[in-house]
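Each chain gets a letter, A, B and so on, in the order its sequence line appears, and its residues count up from 1.
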Protein chains: 2
Amino acid sequence: DIRDAVLAFFQRRQQAGGPLAGVKVLITAGPTHEPIDPVRYLANRSSGKQGYAIAQACADLGAQVTLVSGPVALRPPAGVTFIACESACEMRDHAMAALPVDVAICAAAVADWRPDHVAGQKIKKQDRTSVPPPLVLVPNPDILAELSEPSPMRPRLVIGFAAETQDVHEHAQAKWRRKGCDWIVANDVSPATGHMGGDTNQVQVITRDGVEAWPEMDKTALAGELARRVAAWLARHPRRDNVQNGGTHG
Amino acid sequence: DIRDAVLAFFQRRQQAGGPLAGVKVLITAGPTHEPIDPVRYLANRSSGKQGYAIAQACADLGAQVTLVSGPVALRPPAGVTFIACESACEMRDHAMAALPVDVAICAAAVADWRPDHVAGQKIKKQDRTSVPPPLVLVPNPDILAELSEPSPMRPRLVIGFAAETQDVHEHAQAKWRRKGCDWIVANDVSPATGHMGGDTNQVQVITRDGVEAWPEMDKTALAGELARRVAAWLARHPRRDNVQNGGTHG
């Protein structure tokens with residue numbers, strides 16, 4: 001609509017000289033829904049707010065953003081290439097199709113597992129006490145690990161999110177080592193924190209340099225800070241093919 | 001807000017002489033979410049649109065409506081007592097607490113089953129190929145059947161919905177016999193129809209008098225028609241304690 005067009009116009013003007021101008025960023029956001037039958041599915045409580053805020057923040061700094069999103073109740077940010085999907089397998093395919101990018105930020109809460117079989121028709125309850133067969137689950141593609149694998153298509157910077165409800169630091173450290181990504185943004189999503197679905201977040205950022213605990217802040221502020229960190233990292237780590245233009249690795 | 005207050009004011013004026021004036025109606029709507037752990041849950045694709053439209057239509061005809069709703073993205077209708085819930089067990093408790101009512105309309109897509117155990121912490125994936133234990137499911141309370149049971153608290157008219165993806169008529173007939181409700185409103189929610197989550201619906205209404213196939217119409221129109229049928233039925237079946245005032249059973 002008109003509001004979007006106006007916003008996008010001014011955004012493009014702003015972006016031209018932004019610190020992420022010319023940088024391609026892939027962002028995944030939201031939950032995935034894993035179908036059980038035509039009406040039922042497995043889901044998780046991700047609202048997509050953090051990922052959408054990051055997409056907006058990167059676009060505001062001039063990046064060319066592709067946002068691959070599971071089902072959420074949010075409006076896609078203006079000026080962003082938006083791709084809606086539902087299941088982890090679909091999200092993986094859309095994420096891989098978006099390559100090459102400079103930066104990948106995996107903020108989606110991708111379902112670890114999906115039902116091994118999707119029933120073609122609604123599974124019927126036989127009577128009031130009948131019990132269905134247990135739901136057998138199989139592992140989903142690991143999008144963060146796939147993006148992190150050494151390859152000519154690997155983004156220069158791959159950032160994962162870790163949503164934990166206990167031992168946040170330990171689980172996030174283990175995830176960082178296991179996935180092969182560059183940074184992990186870990187947050188506590190215990191119901192008592194209100195972070196899952198809420199407007200604020202509190203994270204620890206794990207990089208090669210160690211762990212940094214950020215104060216609690218709203219998701220928009222956190223997104224802005226993360227986008228600035230990404231821009232600073234890219235400035236310190238220019239593309240290999242730009243090294244002759246004066247860049248240094250460090 | 002102000003809009004709601006103004007709408008509710010005019011609605012109350014309108015209602016005073018409506019055909020459902022003084023009639024208490026309980027409506028369930030939306031899906032239920034059945035928790036697996038603090039972040040994961042089982043869900044279904046009900047949008048709540050049909051149930052919310054029925055709540056609005058009954059209120060417009062003067063009824064005192066209690067709407068018990070699972071998680072949806074809709075705004076509760078003005079002038080309705082609104083109770084939000086998540087799981088089938090919560091929905092059952094809220095529905096039973098709303099009794100006595102004259103009419104119960106169970107439009108919610110209540111999950112037939114829930115995980116037998118809710119993990120207190122997020123279930124961890126061990127490595128990329130590890131498979132979790134199968135999800136063991138147990139039957140949920142059958143709210144429609146409970147409301148339909150003969151009891152002094154039984155609503156005079158209990159209406160259930162049947163969402164089917166095949167053999168709609170046969171499954172709905174079986175449900176009508178099994179549940180003990182008075183009417184079943186059956187619809188085809190195959191993905192190809194677009195009814196699940198969409199703005200239109202096409203139903204068959206099963207009563208003691210037989211089956212009536214309604215044409216495809218938008219959910220608001222369907223809700224209005226259903227509310228008028230309810231009013232007509234109540235006019236033909238006055239409360240027992242009103243029989244001396246001239247009512248007849250028939």
Side-chain angles (χ1 to χ4, degrees), chain A residues 31 33-46 71-73 109-113 115-116 119-142 145-146 162-167 171 174-175 178-179 188-193 196-197, chain B residues 31 33-46 71-73 109-113 115-116 119-142 145-146 162-167 171 174-175 178-179 188-193 196-197:
Chain A
H33 287 179
E34 306 298 329
I36 299 170
D37 68 19
V39 299
R40 300 181 178 95
Y41 58 93
L42 285 168
N44 67 66
R45 297 183 194 286
S46 169
V72 298
V110 181
D112 289 318
W113 306 292
D116 73 333
Q121 301 293 343
K122 184 179 172 189
I123 301 167
K124 300 298 299 174
K125 183 164 73 160
Q126 296 309 318
D127 60 56
R128 206 188 290 199
T129 55
S130 71
V131 174
L135 203 53
V136 176
L137 303 174
V138 296
N140 263 328
D142 189 327
E146 277 192 52
E164 309 292 347
T165 62
Q166 62 182 350
D167 306 330
H171 282 141
K175 183 168 183 173
R178 197 169 65 239
K179 301 276 186 175
D188 185 343
V189 296
S190 303
T193 65
M196 198 81 161
Chain B
H33 287 180
E34 306 298 328
I36 298 170
D37 68 18
V39 299
R40 300 181 177 94
Y41 58 93
L42 285 167
N44 67 67
R45 296 183 195 285
S46 169
V72 297
V110 181
D112 289 319
W113 307 292
D116 73 332
Q121 301 294 343
K122 184 180 173 189
I123 301 167
K124 300 299 297 175
K125 182 164 72 158
Q126 297 309 317
D127 60 57
R128 207 188 286 201
T129 55
S130 71
V131 174
L135 204 52
V136 177
L137 304 174
V138 295
N140 263 328
D142 189 328
E146 278 191 52
E164 309 291 347
T165 61
Q166 61 181 351
D167 305 329
H171 281 141
K175 184 167 183 174
R178 198 170 64 238
K179 302 275 186 175
D188 185 342
V189 295
S190 302
T193 66
M196 199 81 161

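- Only the side chain of B:Pro191 has a heavy atom closer than 4.5 Å to any heavy atom of chain A.
- Side-chain N or O atoms of B:Thr165 include none that pairs as donor or acceptor with a backbone N or O of B:Val189 at under 3.5 Å.
- Chain A forms more heavy-atom pairs under 4.5 Å with one residue of B:Glu34, B:Gln121, B:His33, B:Arg40 than with any other, namely B:Gln121.
- Judged as a side-chain hydrogen bond (donor to acceptor under 3.5 Å, both in side chains), and not counting sequence neighbours, A:Gln166 has no contacts.
- For a residue to count as touching a neighbouring chain, one of its non-hydrogen atoms must lie under 4.5 Å from one of that chain's; by this rule A:Val138 does not touch chain B.
- Each of A:Ala163, A:Pro115, A:Gly120, A:Ala111 has some count of heavy-atom pairs under 4.5 Å with chain B, and the biggest count is that of A:Ala163.
- Remark: A:Asp112 does not engage B:Lys124 in a salt bridge, criterion side-chain N to carboxylate O under 4.0 Å.
- Chain B forms more heavy-atom pairs under 4.5 Å with one residue of A:Leu42, A:Asp37, A:Asn44 than with any other, namely A:Asn44.
- At least one donor-acceptor pair under 3.5 Å links the side chain of A:Arg45 to the backbone N or O of B:Pro38.
- Between A:Lys175 and A:Glu164, no side-chain nitrogen of the basic residue sits less than 4.0 Å from a carboxylate oxygen of the acidic one, so the salt-bridge criterion is not met.
- Looking at B:Ile36, only its side chain comes within 4.5 Å of chain A, counting heavy atoms on both sides.
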